Amino acid sequence: AAGAALIAAHPYSPEQLAGATRGTAAFSARPELAELVDRYELFNRDTATWKSLLPCAKDDAAIVAYLRSARPAYLVRLEDELSVAA
């Protein structure tokens, strides 16, 4: 209703929470919250260099509409040549 898409960032499981740097296990601990979420973050910070690509216009309304939809988001791994060769 506020014009946003809800992304569950860092959705740790309760078992991982003890070692997690953020206390965001609510989406795992309370499955009833899942109906409120539009998308889940798969990778974050130091775990990977993946980026999400959305085939939509580069404007706020189009991005929010796409994230709220059931259409797929695409993941692309971005690495610089030096880190790949090392």
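These figures come from a predicted structure and were not determined experimentally. No hydrogens, no waters, no symmetry mates; every other heavy atom, side chains included, goes into these values.
Applying the salt bridge (charged side-chain N to carboxylate O under 4.0 Å, His left out) test to pairs two or more places apart or on separate chains, none has a residue in residues 52-72.
Remark: Val37 engages Leu6, Ala8, Phe27, Tyr40 in a side chain to side chain contact (heavy atoms under 4.5 Å, CB included) (not counting sequence neighbours). Evaluation of the side chain to side chain contact (heavy atoms under 4.5 Å, CB included) rule for Leu75 yields Leu42, Phe43, Trp50, Ser52 as partners, not counting sequence neighbours. Qualifying side chain to side chain contact (heavy atoms under 4.5 Å, CB included) partners for Leu54, counting only residues two or more places apart in sequence or in other chains: Cys56, Ile63, Tyr66, Leu67, Ala73. Taking Glu32 as the reference, Arg30 meet the salt bridge (Lys or Arg N to Asp or Glu O under 4.0 Å) condition, with sequence neighbours excluded.
Residues Pro55 and Pro72 come closest through the heavy atom pair CD-O, 4.3 Å.
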